[in-house]
There are 2 protein chains.
Amino acid sequence: MTKTPRDSRGPADYDLSRFPAFAVTVDVVILTMVESVLHVLLVQRGEAPFKGVWAIPGGFKRPTESLDEAAKRELVEETGVDAARLLAQFGAYGDPGRDPRMNVVTVGYLAVLRDVGSVVAGSDAAQADLVPVADVLEERIDLAFDHLMIIRDAVERARVELEVSGIATAFLGPTFTIAELRAVYEAIWGVQLDAANFRRSILGEDGWVIPVGRRARPGSSGGRPPELYRAGRAWRQSGPIHRTPTEERN
Amino acid sequence: MTKTPRDSRGPADYDLSRFPAFAVTVDVVILTMVESVLHVLLVQRGEAPFKGVWAIPGGFKRPTESLDEAAKRELVEETGVDAARLLAQFGAYGDPGRDPRMNVVTVGYLAVLRDVGSVVAGSDAAQADLVPVADVLEERIDLAFDHLMIIRDAVERARVELEVSGIATAFLGPTFTIAELRAVYEAIWGVQLDAANFRRSILGEDGWVIPVGRRARPGSSGGRPPELYRAGRAWRQSGPIHRTPTEERN
DNA sequence: GGAGTTTTGGTCATTACGACCAATACCTTA
DNA sequence: TAAGGTATTGGTCGTAATGACCAAAACTCC
């Protein structure tokens, strides 16, 4: 906290009115994969300021809940999905002018979901949509407040998290193919990975993926039907694939 | 932001009193190196609650400043050192009961200083001291509020930052020896690194350290006087030394 | 001058990894 | 049913990275 003996303000006076009051909100950047392209969930604001402008979902923190609980609640309210496992805080934002109405400090959370499409469709009142993050990062879409910066930080956090934790499988269903897993890495890092080498890295050490015995149906373009796997227990330690400064694609 | 169309509360009503008010503080975890041991700067609280208990320095954010500016200001007020370059936000904390007086959300910042010793000595009013982080992490020292958790997160952040950024040279002076640089890695990661291999990794690619032409005086235990170096330009990209899961020491 | 300590340089085996090629297995179309 | 296409799967190989270990160099202290 909070108050040190050297602070210039008065001594033991705990009158809240003597200290600046802030509204604290929680904003959730929801990332998901649609056809091997990284998407972010945006909602269209229904009121001023920034009425009609796209924004990331969020809401006020309640005094009786923690920040994590607030983020989890907002996620459920927005998508109906209870994905508490994949919810990481990545930053706080409190620039003086970021909200024209009042002093607001917001805490950004990153959530990774699979197949959020149907959930979004069921979302009634809000105009919600999944848009490619590339459209956001390259500023083809206007965002409210400082949400562009927030999404930038969230995506960067996702890139790092992909390397050090098991965030990759969170984008996928309970069973998946090696190619689907590789598509996650390629989409988030913006690189092209060799299919054979990627496979070797994943299967080389065991604990990452476990063959489930079945085969998936090949895509519409034919090809050999791939083996199906499920996530192993090693994902929460550290990721199996690491970025290299070379072979950049994007 | 803040407010989405699906939020359950009322529509365009921007009366601040309708939303829960929080105090927002900034707490700074100041890490430094004392004789190859990682230390954290703590202050002894002069008022209730937690009067006389050790805590990390911090203070209230002002509505006219950003979070980064608040952290920088607190750092200057506490240590007199203007080390704005090495100041990274690592987390926000807002559990309901974390401050018994009122609703406080705090944002944690990590600051890395070199040779903060004299600065601390000059700090008058506050009882300030540098304590080994090991004493804190192993709970040999009681801390106020949730500051133990905050320091835990800060140290973990420092460990990661050491790998991906040039945080290492921030612990050292303008010129340093390879052994001093290695000591930083060994202290923060709690590992033992081979001196020869470390040297090769640092000097192998250029851009990390630049020989300054002079030699340092050997330590009290004698030995060959080491070459002096200064930090190169490559440190802000990514770190030269990476952790390996093996050879753990601590 | 010798012992001790630290830096600095060298060798070597192992591993990791990217580039590339080829075989396999299935679908689609003719 | 046969041929072509596509994606998966397996293999080889050269290079880079790295850890273990040894030894020489340089200086201080006794």
Side-chain angles (χ1 to χ4, degrees), chain A residues 35-36 163 172 175-186 189-229 234 238-249, chain B residues 35-36 163-164 172 175-186 189 191-229 234 238-249:
Chain A
E35 293 169 8
S36 297
E163 195 163 6
L172 303 171
T175 65
F176 50 87
T177 69
I178 300 286
E180 288 172 337
L181 187 63
R182 178 167 48 89
V184 173
Y185 282 86
E186 290 180 332
W189 283 349
V191 296
Q192 187 84 286
L193 298 174
D194 182 87
N197 291 336
F198 182 87
R199 174 191 177 77
R200 213 188 334 274
S201 296
I202 294 291
L203 297 179
E205 259 172 311
D206 39 24
W208 297 117
V209 294
I210 302 167
V212 79
R214 303 198 319 274
R215 307 174 84 86
R217 301 208 45 247
S220 60
S221 58
R224 171 176 176 167
E227 196 81 18
L228 277 175
Y229 296 86
S238 74
I241 302 291
H242 298 277
R243 272 194 283 185
T244 58
T246 60
E247 66 173 344
E248 292 278 336
R249 189 181 62 185
Chain B
E35 293 169 7
S36 297
E163 196 162 4
V164 304
L172 303 172
T175 65
F176 50 86
T177 68
I178 301 287
E180 288 172 338
L181 187 62
R182 178 166 48 88
V184 173
Y185 282 86
E186 290 180 333
W189 283 349
V191 297
Q192 186 84 281
L193 299 175
D194 182 88
N197 292 333
F198 182 87
R199 174 190 177 78
R200 213 190 333 276
S201 296
I202 293 291
L203 297 178
E205 256 170 316
D206 38 26
W208 298 117
V209 294
I210 303 167
V212 81
R214 304 198 318 274
R215 307 174 85 86
R217 302 209 43 248
S220 60
S221 58
R224 172 176 179 168
E227 195 79 19
L228 277 177
Y229 297 86
S238 74
I241 302 290
H242 298 277
R243 270 193 283 187
T244 58
T246 58
E247 65 174 342
E248 293 278 338
R249 188 182 66 183

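Residue numbering restarts at 1 for every chain, and letters A, B, ... go by the order of the sequence lines.
- Pairing each heavy atom of B:Thr177 with each of B:Ala216, the nearest pair is CG2-CB, 4.0 Å.
- With rounding to whole Å, A:Arg199 atom CZ is found 17 Å from C:dC17 atom P.
- Separating the CD1 atom of A:Ile178 from the C1' atom of D:dT8 is a distance of 10 Å, rounded to the nearest angstrom.
- Distance, B:Arg182 CZ to C:dT7 P: 6 Å, rounded to whole Å.
- When the P atom of C:dC17 is taken as reference, atom CD of A:Gln192 falls 19 Å away, rounded to whole Å.
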Please enumerate all protein N or O atoms sitting under 3.5 Å from an N or O of nucleotides 24-30 of chain D, with distances to 0.1 Å.
none

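- Between B:Arg214 and B:Glu227, the shortest heavy-atom contact is O-OE2, 3.7 Å.
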Filtered N/O pairs between nucleotides 10-14 of chain C and protein, under 3.5 Å:
{"from": "C:dG10", "atom 1": "N7", "to": "B:Arg200", "atom 2": "NH1", "distance (Å)": "3.4"}
{"from": "C:dG10", "atom 1": "O6", "to": "B:Arg200", "atom 2": "NH2", "distance (Å)": "3.3"}

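- Between A:Val184 and A:Phe176, every side-chain heavy-atom pair lies at or beyond the 4.5 Å cut-off.
- In this structure, the CD atom of B:Glu186 is 13 Å from the P atom of D:dG19, given to the nearest Å.
- We find that CG of A:Leu228 is positioned 15 Å from C1' of D:dT9, with the value rounded to whole Å.
- The separation between A:Leu193 atom CG and D:dA7 atom P is 16 Å, rounded to whole Å.
- Under the 4.5 Å side-chain criterion, counting only non-hydrogen atoms from C-beta, B:Tyr229 is in contact with B:Ile178.
- Interatomic distance, CZ of B:Arg182 versus CG of B:Asp194, reported as 8.0 Å (0.5 Å rounding).
- Rounded to an integer number of Å, the gap from CG of B:Leu181 to P of C:dT7 is 12 Å.
- Of all heavy-atom pairs spanning A:Leu193 and A:Phe198, the tightest one is CD1-CD1, 3.9 Å.
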